[in-house]
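Working notes for the structure below.
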Protein chains: 2
Amino acid sequence: MARPAHTAPRTTGSTASTGADVGTGGLRERKKRATHQALQRAAVSLFRERGPNAVTVEDICAHAEVSPRTFFNYFTSKEEVLVPWDQETITNTPERVLARPDAEEPLRTAQAVLGEAMNTAMSGSTWRDQAVILRENPELIERVVTAFRAMESSLVEGLARKTGTSCEDPYVRLVGATAITALRVSVQAWQESESDSSLHEYMDEAFERLHRGLRPNEQ
Amino acid sequence: MARPAHTAPRTTGSTASTGADVGTGGLRERKKRATHQALQRAAVSLFRERGPNAVTVEDICAHAEVSPRTFFNYFTSKEEVLVPWDQETITNTPERVLARPDAEEPLRTAQAVLGEAMNTAMSGSTWRDQAVILRENPELIERVVTAFRAMESSLVEGLARKTGTSCEDPYVRLVGATAITALRVSVQAWQESESDSSLHEYMDEAFERLHRGLRPNEQ
DNA sequence: TGCATTTTTGCAGTGCCTGCACGAAAAGTG
DNA sequence: CACTTTTCGTGCAGGCACTGCAAAAATGCA
């Protein structure tokens, strides 16, 4: 049930984005990135082939050519390979919130910051497949939500600092939680639409509705 | 990971509320209710004593005096004992949505129906303890959210029928998801406040903010 | 009482996930 | 280049959640 902090190889500085910055850091850094990526690629690939239920951690590690034990040095659970954001993006969030204009309404700020975050996520090499897996196995969203919650906290922290209140402030919390929810709904709608339209269009629509107090469309 | 339907004893009609209707139905019905309740009580009680991590299914069953196997005839997971709603409440939801005035805005409808649902939940004998457990172990909320998702679906279905659209309609989905989120935030705030004020006050505040487009308090 | 149905239980098994301790690879040091 | 220190990969041993299956017990009904 509860997942305590694991003994993951610490991320010593520098970006940990999957795609970029490949040559940065020492040998160690590079190897860690390689292992992480290998595991993620293997997992996502197998998940798509057979469906997540039919893939064991052992399978993943066989493909990634590491010991099964190693998997849990990088991910706390089997499903964590599906989270769209890296740690960097999450920890960055408060700063990015503070970087927004002072006069901006919190909901708008959240919209903008989450938009940026999704851009980062979508530039990852496995995003497409991840999206397909989540569409075909909606149950998994529950598990992935843990990562969303981390983002929510980060968002709330930023908003709290920006508005000069605390993270426990009900208003700030509500904005954070609602924004994440809007994101979730948008991603889902976007995935189901097999669409040519971009995720951002769905996000804009959702946030616009929120901003209008969720009133029904006057037509 | 994914939790397929389990082989639970079928709930043949009649309410399954923990407290009320104790004498209804045949011996079988009563015994089933008794077992369910015994398991839930035992689990909640042990969770409070030792913390959920230190309680095994075996422990729970020992206290409830049933076989460990039986636990999973009633609950699909260890944490399911913590969900605040019974199946009845969830399946009822679409009807209750339709019973609301035609002119009412969807967000208001959601607020009203969730309010009723929480009243039912709070009348359960284990609610107080459940609330404490969730407060002390916020990680568990993630798991319990599964049940919230079921409620969300039910809510969306009702709203869709009420407004003459489909369950896939983005607006209806957004309202449902947002309402559940507001509920979650409200419950959390209420729990943390050690308060004399009622949950409904927190819910009203949250929904009012939503209705106003999450704009910051003009002061 | 005898038969059909439902629920409980034991058993055996799969697989996630953990702590621990050891060896190897890499980094820092002189 | 040796020498120490840190970090990472790995094997092992084990706990525990959860599942399907089939026998056994309990209940409902004629």
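Below, all heavy atoms of this structure are taken into account, side chains as well, without hydrogens, waters or symmetry copies. Below, read A as the first sequence line, B as the second, and so on, with proteins coming before strands; counting in each chain starts at 1.
No more than 12 heavy-atom neighbours from other residues, nucleotides or ligands sit within 6.0 angstrom of NE2 on His63(B). Under a cut-off of 6.0 angstrom, the local environment of CD in Glu58(B) is sparse, with at most 12 non-hydrogen atoms contributed by other residues, nucleotides or ligands. A 6.0 Å sphere centred on CD of Glu116(A) holds more than 12 heavy atoms belonging to other residues, nucleotides or ligands.
Computed from coordinates, the Arg69(A) CZ to dT7(D) C1' distance equals 15 Å when rounded to whole Å. Between the P atom of dC18(D) and the CD1 atom of Ile60(B) lies a distance of 10 Å, rounded to the nearest Å. Across the protein-nucleic acid pair, Arg30(B) atom CZ and dT27(D) atom P stand 10 Å apart, rounded to whole Å. Atom CD of Glu139(B) and atom P of dC17(C) are 15 Å apart (whole Å). Atom CD of Glu80(B) is separated from atom C1' of dA17(D) by 14 Å (rounded to the nearest Å). Rounded to a whole Å, the CG atom of Asn73(A) is 10 Å from the P atom of dT18(C). One atom, CD of Glu58(B), and another, P of dG10(C), lie 11 Å apart when rounded to the nearest Å. Distance, Arg33(A) CZ to dC8(D) P: 13 Å, rounded to whole Å.
The side chain of Lys78(A) places no N or O atom within less than 4.0 Å of a non-bridging phosphate oxygen (OP1 or OP2) of dC17(C). Contact annotation: Thr35(A) side-chain N/O to dG9(D) OP1/OP2 distance is under 4.0 Å. For dT8(C), one of the phosphate oxygens OP1 or OP2 lies less than 4.0 angstrom from a side-chain nitrogen or oxygen of Tyr74(B). For dT10(D), the OP1/OP2 oxygens have a side-chain nitrogen or oxygen of Thr70(A) closer than 4.0 Å. When the side-chain nitrogen and oxygen atoms of Ser67(B) are compared with OP1 and OP2 of dG10(C), one or more of them lie within a distance under 4.0 Å.
With sequence neighbours left out, the side chain to side chain donor-acceptor pair (under 3.5 Å) criterion links Arg161(B) to Glu157(B).
No side-chain donor-acceptor contact under 3.5 Å links Gln130(B) to the backbone of Pro84(B).
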Which pairs of donor and acceptor atoms, one on a side chain in residues 178-186 of chain A, lie under 3.5 Å apart (sequence neighbours left out)?
| from | atom 1 | to | atom 2 | distance (Å) |
| --- | --- | --- | --- | --- |
| Thr178(A) | OG1 | Leu174(A) | O | 2.6 |
| Thr181(A) | OG1 | Ala177(A) | O | 2.9 |
| Thr181(A) | OG1 | Thr181(B) | OG1 | 2.6 |
| Arg184(A) | NH2 | Glu152(B) | OE1 | 3.1 |
| Arg184(A) | NH2 | Glu152(B) | OE2 | 3.4 |
| Ser186(A) | OG | Ala182(A) | O | 2.7 |

Mind listing the N/O atom pairs, protein and nucleotides 25-27 of chain C, below 3.5 Å?
| from | atom 1 | to | atom 2 | distance (Å) |
| --- | --- | --- | --- | --- |
| dA25(C) | N3 | Arg28(A) | NH2 | 2.9 |
| dA26(C) | OP1 | Lys31(A) | NZ | 3.0 |
| dA27(C) | OP1 | Leu27(A) | N | 2.9 |
| dA27(C) | OP1 | Arg28(A) | N | 3.4 |

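Here the side chains of Phe47(B) and Glu136(B) are not in contact, with every heavy-atom distance at 4.5 Å or above.
Candidate nucleotides dC11(C), dT18(C), dC8(D) were compared by shortest atom distance to the side chain of Phe72(A), and dT18(C) ranks first.
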